[in-house]
Amino acid sequence: QLQLVEVGGGLVQTGNSLKLSCAGPEDAPRNYAMGWFRQAPGREREFVAAISWNGLTKYYGDSVRGRFAISRANVRNTVYLEMNNLIPEDTAVYYCALKRAFDATLYDYEYDDWGQGTQVTVSS
């Protein structure tokens, strides 16, 4: 199991921005796809964004497309999630995930390793 560490969650007001980051182990291979998912209380886990190993392919969930941006640095399999124009519906625990393959995917069951999650709360 690879340890992923997320940072950057917090409390923000509607319309503001927040940036999450997630880093994997220093000694892990650096050619893995990575993604972000979120889960709000009482709801199923939801796909947010994913990025291929080389950063050339990106996917976004319908509810965040145009507002969120995923990017990566291949140092320690680091992935970022820039969240803009936040709304209360974005309130959730955000999880970073790593897939031990080149290609990104929208499906949580295809990811192999998960972070502990970081809380994002958007107040109205």
Side-chain angles (χ1 to χ4, degrees):
Q1 186 79 11
L2 297 178
Q3 183 178 8
L4 304 176
V5 179
E6 302 116 329
V7 296
L11 171 64
V12 296
Q13 292 185 326
T14 296
N16 283 3
S17 299
L18 206 58
K19 186 173 184 177
L20 308 181
S21 64
C22 169
E26 288 188 13
D27 56 351
R30 296 170 185 174
N31 53 356
Y32 292 151
M34 300 189 76
W36 289 95
F37 294 78
R38 68 185 183 185
Q39 188 165 21
R43 303 189 66 176
E44 293 186 356
R45 187 159 54 191
E46 176 188 13
F47 169 74
V48 176
I51 189 167
S52 62
W53 74 279
N54 58 5
L56 295 183
T57 301
K58 302 177 183 180
Y59 300 111
Y60 293 96
D62 290 342
S63 60
V64 306
R65 188 176 294 112
R67 299 187 298 122
F68 290 13
I70 189 170
S71 60
R72 68 180 299 156
N74 279 344
V75 174
R76 293 185 61 181
N77 283 305
T78 301
V79 65
Y80 305 98
L81 186 68
E82 181 77 38
M83 304 184 293
N84 300 308
N85 194 21
L86 285 159
I87 58 177
E89 290 75 15
D90 294 318
T91 295
V93 177
Y94 284 69
Y95 296 92
C96 170
L98 182 148
K99 181 188 175 193
R100 302 187 190 191
F102 293 151
D103 57 315
T105 179
L106 285 63
Y107 307 108
D108 57 0
Y109 58 82
E110 294 192 30
Y111 286 82
D112 301 289
D113 304 282
W114 293 81
Q116 294 296 313
T118 184
Q119 177 70 46
V120 171
T121 303
V122 184
S123 63
S124 57

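All values below were derived from every heavy atom in this structure, side-chain atoms included, with hydrogens, water molecules and symmetry-related copies excluded.
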Quiz item: When you look at Met83 and Val12, which way does the side-chain contact (heavy atoms from CB on, under 4.5 Å) test go after all the steps?
Solution: CA-CA 11 Å; Met83 304 184 293; Val12 296; over 6 Å; no
For a 4.5 angstrom cut-off between non-hydrogen side-chain atoms, does [X] reach [Y]?
X: Val120; Y: Arg38; result: no
X: Ile70; Y: Tyr59; result: no
X: Leu86; Y: Phe68; result: yes

Exercise. Please step through side-chain contact (heavy atoms from CB on, under 4.5 Å) for the pair Tyr111 and Thr105, ending with a clear verdict.
Key: CA-CA 8 Å; Tyr111 286 82; Thr105 179; 3.3 Å; yes
Exercise: identify the closest heavy-atom pair between [X] and [Y]:
X: Val79; Y: Cys96; result: CG1-SG, 3.8 Å
X: Ala33; Y: Arg72; result: CA-NH1, 4.0 Å
X: Cys22; Y: Leu4; result: SG-CB, 3.9 Å
X: Glu6; Y: Tyr95; result: OE2-CA, 3.4 Å
X: Phe37; Y: Leu106; result: CE2-O, 3.6 Å
X: Ala92; Y: Gln119; result: O-NE2, 3.4 Å

Practice problem: Identify which one of Val5, Thr118, Leu81, Val7 satisfies the side-chain contact (heavy atoms from CB on, under 4.5 Å) criterion when paired with Ser21. | Solution: Val7
Check for me, please, whether [X] and [Y] land in the same ILVMFWY cluster - side-chain distances under 4.5 Å, paths through other members count.
X: Tyr94; Y: Phe47; value: no
X: Val93; Y: Leu18; value: no
X: Val122; Y: Leu20; value: yes
X: Leu98; Y: Trp53; value: no

Spacing of [X] atom [atom1] and [Y] atom [atom2] [to the nearest 0.5 Å]:
X: Asp113; Y: Gln1; atom1: CG; atom2: CD; value: 4.5 Å
X: Lys99; Y: Met34; atom1: NZ; atom2: CE; value: 13.0 Å
X: Leu2; Y: Trp114; atom1: CG; atom2: CH2; value: 14.0 Å

Quiz prompt | Distance-only donor-acceptor check, side chains Asp103 and Ser52, under 3.5 Å | solution =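 Result is no, nothing qualifies.
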Quiz prompt | Any side-chain donor near an acceptor of the partner, Tyr32 and Arg100, under 3.5 Å | solution =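 No.
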Quiz prompt | Side-chain (Thr14) to main-chain (Ile87) donor-acceptor, under 3.5 angstrom | solution = no
